[in-house]
There are 2 protein chains.
Amino acid sequence: MQTSPEEAIERRSGVALWRQIADRIRLGIAEGLADDAGRLPTEMALAGRFGVNRHTVRTAIQALVQEGVLRSEQGRGTFVEGPRRLSYPIRARTRFSAGLAGQARERRGHLLSHAYEPAPPQAAEALGLAPETGILRLETVSQADGRPVSRATSYFPAARFAGLEKHFADTGSITAALAALGVPDYVRATTRISARHADSADLAHLKLSPGAIVLITFAVNADSAGIPIQYSLTRFAADRVELQVDGEG
Amino acid sequence: MQTSPEEAIERRSGVALWRQIADRIRLGIAEGLADDAGRLPTEMALAGRFGVNRHTVRTAIQALVQEGVLRSEQGRGTFVEGPRRLSYPIRARTRFSAGLAGQARERRGHLLSHAYEPAPPQAAEALGLAPETGILRLETVSQADGRPVSRATSYFPAARFAGLEKHFADTGSITAALAALGVPDYVRATTRISARHADSADLAHLKLSPGAIVLITFAVNADSAGIPIQYSLTRFAADRVELQVDGEG
DNA sequence: TTAATTCATCTATTGTTATAGACAACCATA
DNA sequence: TATGGTTGTCTATAACAATAGATGAATTAA
């Protein structure tokens, strides 16, 4: 609970004040920055809270309006426009679409591209394959209610999963595609999570604005016999998704 | 005069080019940007790769030198200086110090402050307490080999854990402090993970440079009977730590 | 209708960021 | 020692970011 008059804005940091403020407003919305009617504090009030000029706050607000998060109405105020952050569970048996049940009406994966190629070192190691073994690489984007929430690069052993991309393109679901190839169940073996600024590919595919943050997960999934079947690198839009790790539950 | 950049950088994004490049270099080091001797490509080469002026690359490198990640030697080149990223496991029974075994020689938590006060709404809800119930709040920083890796705000029911702060101050370990108060074992019930830019408190306590990213976890721990005993908000320095989520193992 | 509140727009000034070019200092090695 | 490659420093210019103040336009409430 921050109550200091000047709230955490860094100057000469290489990150423009308006962007820092935009990020804080975006995050603050989830924590009740706006009132019950979805109205934000006035520009002057925000300027005072962050210790900056009103014009700087306006630049931040304009960026969020551009992004679809806010809407300004002359004489009335500035209002929250966009949806809240989705909570994406990470558990042994959680699937993307199952995990978001109840939070979004429609969700689906889209196939951007696929390739059969030698496994890069990281993927070979994660899947327990000899270096250069043939793998199938899928580049996908997942959306919830039409909003892109994550993009993934997935590697599968080519020998076992040839044709997987067709099933994925049809169903929009990795789970369904694997089931069609005789893997009715699989578990999440390990996941590593980090974060960085979005790169230009993230910006394009996730429709982010420059400076946004992405959560990165490296995950290995295994079949019921414990054999690794999928290695994936997923980038989540950090302002649309949070990752939820549940205990043995 | 500009050659075609191989790795695109976002302009007019509110994030200065030198900071974007610093972030990319920091992350790139983990992926083999430097050669076997730890030497980075030359300033001119990096400028070409990112499509910016050499001076802009220099500003980025200077920031990383300041941060302790790089070291420049006139006439020779620029070299990697800092340690690698720690992998912090999140599992039902993982403790901070146990999880980092083998990755760092010395690790310890430090108590910044503590307070007995009414529970804020989020904490009360997470711990299953009535609003305003008395809680103990600890502000702590955890270090590995003298480098701060995370800072946490933890809430405990005051009635049950009075005096916990003394045990923590003595031992530098929440696990040991809880054990001293009759909780020999506990499990991680749920964890939510998100990310944002570091705020000024993060910068100060984690010794980060402006613009750095922090991973945020909201976690609830429960005793062996399933009763919530701790609600914590932890900020990890994203360039020093990655979170690892293991399957049922 | 009036007054107060709030967002929108304009001008002007200053500080920070990025580019450009030139040259010095230093290092490795042929 | 001579050469080429690398980092360090300097000057200069342009674009962007932030501040400041004044005024207009739309809305709400008295």
Side-chain angles (χ1 to χ4, degrees), chain A residues 6-7 9-25 34-35 37-66 69-81 209-211, chain B residues 1-5 8-25 33-35 37-66 69-81 197 209-211:
Chain A
E6 307 202 356
E7 205 172 330
I9 293 296
E10 302 301 321
R11 292 167 191 260
R12 290 178 217 84
S13 69
V15 182
L17 300 189
W18 65 263
R19 172 140 298 287
Q20 297 182 53
I21 291 168
D23 291 345
R24 292 196 59 102
I25 291 175
D35 67 14
R39 203 184 105 148
L40 287 187
T42 67
E43 295 175 348
M44 280 301 257
L46 289 171
R49 174 178 312 199
F50 293 118
V52 301
N53 190 274
R54 179 179 153 235
H55 293 292
T56 307
V57 169
R58 282 183 57 74
T59 305
I61 288 174
Q62 279 159 20
L64 293 171
V65 168
Q66 197 64 27
V69 175
L70 297 180
R71 157 181 45 91
S72 285
E73 296 184 22
Q74 185 173 157
R76 298 204 344 113
T78 302
F79 299 83
V80 177
E81 183 83 318
S209 54
Chain B
M1 164 66 240
Q2 211 147 277
T3 54
S4 60
I9 291 290
E10 303 302 323
R11 289 166 192 264
R12 292 176 202 85
S13 68
V15 182
L17 299 187
W18 65 263
R19 172 140 298 287
Q20 296 182 54
I21 290 168
D23 291 344
R24 296 279 284 268
I25 291 175
L33 178 63
D35 66 14
R39 203 184 105 150
L40 287 187
T42 67
E43 295 174 349
M44 281 301 260
L46 289 170
R49 173 179 311 200
F50 293 118
V52 301
N53 190 272
R54 177 180 156 230
H55 293 292
T56 307
V57 169
R58 283 183 57 76
T59 305
I61 288 175
Q62 281 160 18
L64 293 172
V65 167
Q66 199 63 28
V69 174
L70 297 180
R71 156 183 46 91
S72 286
E73 296 184 23
Q74 185 172 161
R76 299 207 338 115
T78 303
F79 300 83
V80 177
E81 183 83 318
H197 287 111
S209 54

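Given the structure is predicted, the values throughout are model-derived calculations rather than measurements. Every chain is numbered from 1, with letters handed out A, B, ... down the list of sequences.
Applying the 4.0 Å criterion to OP1 and OP2 of dA17(D), one finds that T59(A) has every side-chain N and O outside that range. When the side-chain nitrogen and oxygen atoms of R76(A) are compared with OP1 and OP2 of dT5(C), none of them lie within a distance under 4.0 Å. Within the 4.0 Å cut-off from OP1 or OP2 of dT7(D), not a single side-chain nitrogen or oxygen of R58(B) is found. Within the structure, a side-chain polar atom (N or O) of R39(A) is placed less than 4.0 Å from OP1 or OP2 of dT6(C). Of the side-chain N and O atoms in T56(B), one or more sit less than 4.0 angstrom from OP1 or OP2 of dT19(C).
Side chain of R19(B) to main chain of A63(B): no donor-acceptor pair is present (N/O by atom type, distance under 3.5 Å, no hydrogens or angles). The closest donor-acceptor contact from the side chain of R39(A) to the backbone of R76(A) lies under 3.5 Å.
Going from atom CG of L46(B) over to atom C1' of dT7(D) covers 13 Å, rounded to whole Å. In this structure, E43(A) places its CD atom 6 Å from P of dA8(C), rounding to the nearest Å. The CD atom of Q62(A) sits 9 Å away from the C1' atom of dA8(C) (whole-angstrom rounding). The interatomic distance linking R19(B) (CZ) with dT17(C) (P) rounds to 10 Å, in whole Å. In this structure, CD1 of I61(A) is placed 11 Å from C1' of dT6(C), rounded to the nearest angstrom. Spacing between atom CZ of F50(B) and atom P of dA18(C) amounts to 14 Å, rounded to whole angstrom units. One can place CZ of F79(B) at 11 Å from P of dC27(C), the figure rounded to the nearest angstrom. In this structure, D35(A) places its CG atom 14 Å from C1' of dT6(C), rounding to the nearest Å.
Each of H55(A) and T78(A) was matched to the nucleotide of DNA chain C holding its nearest heavy atom; the match closer to the 5' end belongs to T78(A).
Between V15(B) and D23(B), every side-chain heavy-atom pair lies at or beyond the 4.5 Å cut-off.
Distances were taken from every side-chain heavy atom of T42(A) (C-beta onward) to each of dC7(C), dT19(C), dT6(D); the shortest belongs to dC7(C). Considering only side-chain atoms of Q74(A), the nucleotide from dT19(D), dC7(C), dG8(D) that sits closest is dC7(C). Of all nucleotides listed (dT7(D), dT6(C), dT19(C)), dT19(C) comes nearest to the side chain of L17(B). Listed nucleotides: dA20(D), dT17(C), dC7(C). Nearest to the side chain of N53(A): dA20(D).
For dA8(C), the base has a donor-acceptor partner in the side chain of R54(A) [N/O atoms by modelled type, under 3.5 angstrom].
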Evaluate the side-chain contact (heavy atoms from CB on, under 4.5 Å) criterion for residues H197(B) and Q20(A): first the C-alpha distance (whole Å), next the side-chain angles of each, then the deciding distance (0.1 Å), finally the verdict. CA-CA 8 Å; H197(B) 287 111; Q20(A) 297 182 53; over 6 Å; no

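Separating the OG1 atom in T78(B) from the CG atom in L64(B) is a distance of 10.0 Å, to the nearest 0.5 Å.
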